[in-house]
Amino acid sequence: ADATRNLNESRAKLNRDLAESERILTSSTASFAEKTKALDRVGKAEAKQTSEELANAKKKLKAIDDQNKLSDSSSEALQSRSEAQIAVFELEQKSVEDRRKVSDFQKTLQGEEQTRLKTINDEEKVRLKAVNDAAVLAAKTKKEADAKAIQDGIDKRKKEAQDRQDIAVA
């Protein structure tokens, strides 16, 4: 009875803590590290609680079995054993479901983080391409300006030479 009462209190406290962890896990502002830490905390706490509840349920089932061995098994005793066995099966199922839920959420978190990192990487590639394109354009523009300046210099010298030749002929 004390063990059951303690487990019930522990479950209530865990449920309260799980609500806070769930808030973090579903928050759009929580970081990947915060979410991972909260999920790890949830997984460990839930596993510990379920393990203790399962151990208690198995102990209760064993006590009922031991009691039934000592006396005739009345329909009430058989019903009590059946309920205890069902509780064990349900806790075993809950344990498997909890582990699967934590694993699925971990996969979801990993996927979200990979998507976030890919988006950052893609944005960085776009930014770097824009910077590179600007640098190429600047170099091309400078090259064209330099070529024009050289050509203007050549044209100017040709004109000066032509003017000198025209003066010499006249």
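Computed from heavy atoms alone, side chains included, the values below leave out hydrogens, waters and symmetry copies. Here the structure is a predicted model, which is why all the values come from computation and not from measurement.
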**Request:** I would like to know whether N56 and E52 meet side chain to side chain contact (heavy atoms under 4.5 Å, CB included); could you show each step before the answer?
**Result:** CA-CA 6 Å; N56 190 54; E52 289 172 1; over 6 Å; no
**Prompt:** Just checking, any donor-acceptor pair under 3.5 angstrom between side chains of E83 and Q79?
**Reply:** yes
**Item:** Separation between CZ of R81 and CD1 of I64, rounded to the nearest 0.5 Å
**Value:** 8.5 Å
**Message:** Regarding D65 and K69, does a basic nitrogen lie under 4.0 Å from an acidic carboxylate oxygen?
**Reply:** no
**Prompt:** Can a salt bridge be assigned to the pair R116 and E113 using a cut-off of 4.0 Å between side-chain N and carboxylate O?
**Reply:** yes
**Prompt:** What about L25 and V102, same hydrophobic cluster or not, with Ile/Leu/Val/Met/Phe/Trp/Tyr joined at side-chain heavy-atom distances under 4.5 Å?
**Reply:** yes
**Request:** Give, for atom OG of S51 and atom NZ of K44, the distance between the pair rounded to the nearest 0.5 Å.
**Result:** 15.0 Å
**Asked** Does a side-chain N-to-carboxylate-O contact under 4.0 Å join E20 and R16?
**Response** no
**Message:** Closer than 3.5 angstrom, by distance alone: can the side chain of S82 be matched with the main-chain N or O of L78 as a donor-acceptor pair?
**Reply:** no
**Item:** Distance (rounded to the nearest 0.5 Å) between K94 NZ and D98 CG
**Value:** 3.5 Å
**Request:** Measure the CG-CD distance between L137 and E144 for me, rounded to the nearest 0.5 Å.
**Result:** 8.5 Å
Determine all donor-acceptor pairs shorter than 3.5 Å in which one atom belongs to a side chain in residues 7-14; sequence neighbours excluded.
| from | atom 1 | to | atom 2 | distance (Å) |
| --- | --- | --- | --- | --- |
| N8 | ND2 | T4 | O | 3.4 |
| S10 | OG | Q49 | OE1 | 2.5 |
| R11 | NE | E53 | OE2 | 3.1 |
| R11 | NH1 | E46 | OE1 | 3.4 |
| R11 | NH1 | E46 | OE2 | 2.9 |
| R11 | NH2 | E46 | OE2 | 3.1 |
| R11 | NH2 | E53 | OE1 | 3.2 |
| K13 | NZ | D17 | OD2 | 3.2 |

**Asked** Using 4.0 Å as the upper bound for N to carboxylate O, is an ion pair formed by K129 and D133?
**Response** yes
**Message:** If you apply the rule salt bridge (Lys or Arg N to Asp or Glu O under 4.0 Å), what do you find for K156 with D152, and how did you get there?
**Reply:** CA-CA 6 Å; K156 182 179 175 186; D152 288 349; over 6 Å; no
**Item:** Straight-line distance of I24 CD1 to T29 OG1, nearest 0.5 Å
**Value:** 10.0 Å
**Asked** Are L91 and V96 linked, directly or through other ILVMFWY residues, by side chains that come within less than 4.5 angstrom of each other?
**Response** no
**Request:** With the side chain counted from C-beta on, respond yes when K62 and D66 share a heavy-atom pair under 4.5 Å apart, and no when they do not.
**Result:** yes
**Prompt:** Can E124 and R127 be counted as an ion pair, charged N to O under 4.0 angstrom?
**Reply:** yes
**Prompt:** Within a reach of under 6.0 Å around CD of E22, are more than 12 heavy atoms found that belong to other residues, nucleotides or ligands?
**Reply:** no
**Fill in**
On a heavy-atom basis, the closest approach of A77 and N68 is CB-OD1, 3.2 Å
**Backbone N/O of S27 and side chain of K35: donor-acceptor pair under 3.5 Å** = yes
**Prompt:** Rounded to the nearest 0.5 Å, how far does CG of D122 lie from CG of L117?
**Reply:** 11.0 Å
**Request:** Before giving the answer on side chain to side chain contact (heavy atoms under 4.5 Å, CB included), spell out for T119 and E123 the whole-Å C-alpha distance, their side-chain angles and the decisive distance to 0.1 Å.
**Result:** CA-CA 6 Å; T119 299; E123 289 170 353; 3.5 Å; yes
**Request:** Decide whether R99 and S95 meet the rule of one side-chain donor and one side-chain acceptor closer than 3.5 Å.
**Result:** yes
**Prompt:** Going by atom types only, do Q162 and D166 share a side-chain donor-acceptor pair under 3.5 Å?
**Reply:** yes
